[in-house]
There are 2 protein chains.
Amino acid sequence: MDVRALETLRAVRSQGGVTAAAAVLHLTPSAVSQQLAVLTRDAGVPLTERVGRGLRLTPAGDALADAAVDVAVALERARTACAAFAGAPTGTVRVSAFQSAAWMLLPGLLTRVAARGGITVECADEDVAQHAFPALTDRHDVVVAHRPAEADPGWGPDVHVVPLLREPLDVAVPAGSPLAARAALEPADVAGADWIAVREGFPVARVLTDVGVATGTAPRVVQRINDFHVVEALVAAGHGLSLLPRYSSGGHPGVALVPLAGVRAGRQVDALVRPDTAERRVVAVVLEELVALAAELRRG
Amino acid sequence: MDVRALETLRAVRSQGGVTAAAAVLHLTPSAVSQQLAVLTRDAGVPLTERVGRGLRLTPAGDALADAAVDVAVALERARTACAAFAGAPTGTVRVSAFQSAAWMLLPGLLTRVAARGGITVECADEDVAQHAFPALTDRHDVVVAHRPAEADPGWGPDVHVVPLLREPLDVAVPAGSPLAARAALEPADVAGADWIAVREGFPVARVLTDVGVATGTAPRVVQRINDFHVVEALVAAGHGLSLLPRYSSGGHPGVALVPLAGVRAGRQVDALVRPDTAERRVVAVVLEELVALAAELRRG
DNA sequence: ACATCCATGAAGCAAAGCTACATCGACAGC
DNA sequence: GCTGTCGATGTAGCTTTGCTTCATGGATGT
């Protein structure tokens, strides 16, 4: 029973298919398929079953994939065990963040980590639909993800979650607008407005509809844009209002952020890591810096 | 960092050398040496150091070997995970016992296990010095070992210990002797006797000297014999007395076993298994039967 | 019905890992 | 002190494993 094959099985589950798993493992689909074949032979029970043109793990396969995570963790502990004797942690950590978090966190993270020396951080920006964040941990060591603040995390059982920041969502209004002078806005104040929202399925998309529930009227969404800088430009030009996170937006001079009263609107920013990569000392150090940085931002 | 290499490192530690480890792994010493070389390269720190013409693990190597055990356990859990879906446990389990335990336990164990069906038990009898028992777990799945009852187990951290039986040590006297009629014997009764003991370093060798301490005189050992059947023959022929375990000896018609009063003399029989081996369902089943059988013997 | 996508099988090739043999250092005996 | 032996470690060569490339089959959607 090969460790690489177990890792492959785990990747097939998290990526949802042979081809996708092959991509993150830097292999051909054929190699993945062959590994699954020998693993199935070893196990003595079918681990996968075809469904449509794709495939899915059987209960046995699922149990084995769970066990594969533990094996990966144990192996990583082994590496860490002697790395502890080899001196200060060193190496390269791949960090991914969605755009606004990247804007907010990555510069400071790079500064902080560079100050410790010996650690290279490879950054990437990846913003995906909410359900797709955990799978990114196959590509990156640390994945900065976001979700509606009050709801259940819903990241699934196969990732370690490190909370970074709870960010209130404010109403972005044009700087010249009468609303911009207010200290806070009630839901009723913005009931009939045009809205600029994020794409369906993406994090905090549902928060706007929740605000609508508070006023009794469904908000009228006129645009769906994911990049907050683009959203700010649209708001400044008077094309509508938007809900924007307080700390990771607001650079635009034509936009004012006004707190929303009476509704708990916020997003939670989490760092996601695979249980085995969490065992790596370098990764732990980078996470530590990330948490410290987030705490600093929160305080102002 | 290869799992086979980790397993090899663990074997080198438990066997105390490259050649011995190679033997239990069914490899050549050269292969073991090469595996250690690549493992050391991966680890980045020396894992072994030469001492005399042998070698010893460095602290880093020791830590890594500990981690290797966890890896092996995780891997075995993975196998078990899907074996649970494959139906009733099946396979072959290698059981080793020292002679008297083999005589006492193995026939009943084979009967019990055969009744469940599907499991093959391969028996062996190995009696070694006390410190050498744990290393036998590299050769056998279950090792039945013994030790002085009241003392610290002292089997080391790398084996699971399953207690089977506490066996009082009785005084074996010739059937015709006046002592044979007694219900119990005080240490003073046997103070000046000739004794037949086991070889130095073997389990329960020290118990006799402890009895001597109770009388204030060192017992006079005239023979050192490990096999209890031979001991019984010598006792029957009047060559001396001996301390023999109550349940696993006593077949000889010319020998009577008389309880010893005033001194806690006994031996503890344990089953030793490697932590990873203990994860195998078949092994668990065999152990279960072994425990049940021991309980039955204890009750009579 | 056709084109597409995904998983899987067969053939060939590169690399990893083992065995056999030789070498080197350390210890015990003469 | 020299020699024989034992244990660990290199070297050469072969076997085996595991990958890629290419081809096939089944399922889906247009």
Side-chain angles (χ1 to χ4, degrees), chain A residues 1-43 45-58 60-62 64-65 68 71-72 75 79 132 135 138, chain B residues 1-58 60-62 64-65 68 71-72 75 132 135 138:
Chain A
M1 188 159 284
D2 183 26
V3 199
R4 289 178 52 71
L6 286 174
E7 176 63 16
T8 300
L9 179 69
R10 198 204 53 71
V12 167
R13 176 169 71 177
S14 75
Q15 296 294 320
V18 170
T19 306
V24 303
L25 296 172
H26 304 109
L27 291 176
T28 59
S30 180
V32 171
S33 187
Q34 290 175 41
Q35 287 195 1
L36 289 184
V38 307
L39 197 59
T40 303
R41 190 169 51 72
D42 288 352
V45 277
L47 301 174
T48 59
E49 56 191 2
R50 310 258 342 206
V51 44
R53 51 187 169 189
L55 66 76
R56 172 179 64 205
L57 298 198
T58 62
D62 212 47
L64 190 55
V71 172
L75 255 177
R79 288 199 192 87
D138 287 342
Chain B
M1 187 157 288
D2 184 24
V3 205
R4 290 178 51 70
L6 286 173
E7 176 64 16
T8 299
L9 180 69
R10 199 204 52 71
V12 167
R13 176 169 71 176
S14 75
Q15 296 295 318
V18 170
T19 306
V24 303
L25 296 172
H26 304 110
L27 290 176
T28 59
S30 180
V32 171
S33 187
Q34 290 175 44
Q35 288 195 2
L36 289 184
V38 307
L39 197 60
T40 304
R41 190 171 49 73
D42 288 352
V45 277
L47 301 174
T48 59
E49 56 192 2
R50 309 261 338 210
V51 44
R53 51 186 169 190
L55 82 88
R56 175 180 60 209
L57 270 63
T58 63
D62 211 47
L64 189 56
V71 172
L75 253 178
D138 287 342

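Values in this document were obtained by computation on a predicted structure and should not be read as measured data. Chain letters run A, B, ... following the sequence lines, proteins first, then strands; residues in each count from 1.
Within the 4.5 Å cutoff, no side-chain heavy atoms of B:D2 are placed close to those of B:V38. The shortest side-chain heavy-atom distance between B:V18 and B:L55 falls under the 4.5 Å cut-off.
At least one side-chain nitrogen or oxygen of A:R4 sits closer than 4.0 Å to the OP1 or OP2 atom of D:dC19. When the side-chain nitrogen and oxygen atoms of A:T28 are compared with OP1 and OP2 of D:dT20, one or more of them lie within a distance under 4.0 Å. Between B:S30 and C:dC21 there is no side-chain polar atom (N or O) within less than 4.0 angstrom of OP1 or OP2. In this model, the phosphate group of D:dC19 is approached by a side-chain N or O of A:Q35 to a distance below 4.0 Å at OP1 or OP2.
As rounded to whole Å, 16 Å separates atom C1' of D:dG18 from atom CG of A:L6. Distance A:L55 CG to D:dG25 C1': 15 Å, rounded to the nearest Å. Atoms CZ (B:R41) and C1' (C:dG17) sit 13 Å apart, rounded to a whole Å. Between the CD atom of A:E49 and the P atom of C:dT8 there is a distance of 12 Å, rounded to whole Å. Taking atom CZ on B:R50 and atom C1' on C:dC24, their separation rounds to 9 Å, with Å as the unit. In this entry the distance linking NE2 of A:H26 with C1' of D:dG18 reads 18 Å, nearest Å. Here the P atom of nucleotide C:dA3 and the CZ atom of A:R53 are 15 Å apart, to the nearest Å. Atoms CG (A:L36) and P (D:dC19) sit 11 Å apart, rounded to a whole Å.
The two residues B:A68 and B:L6 come nearest to each other via the heavy atoms CB-O, 3.6 Å. What you find for B:G61 and B:L9 is that their closest heavy atoms are O-CD2, 3.6 Å.
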Begin from the C-alpha positions of B:V12 and B:V32 and carry the test side chain to side chain contact (heavy atoms under 4.5 Å, CB included) through to its verdict. CA-CA 9 Å; B:V12 167; B:V32 171; 3.8 Å; yes
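Residue whose closest nucleotide on DNA chain D sits further toward the 5' end, between A:G52 and A:L27: A:L27. Sequence order on DNA chain C of the closest nucleotides to A:G54 and A:A37 puts A:G54 first from the 5' end.
Among the nucleotides C:dT19, C:dT8, D:dA8, the one closest to any side-chain atom of B:V18 is D:dA8.
For D:dT17, its base never sits under 3.5 Å from the side chain of A:Q34 at any donor and acceptor pair.
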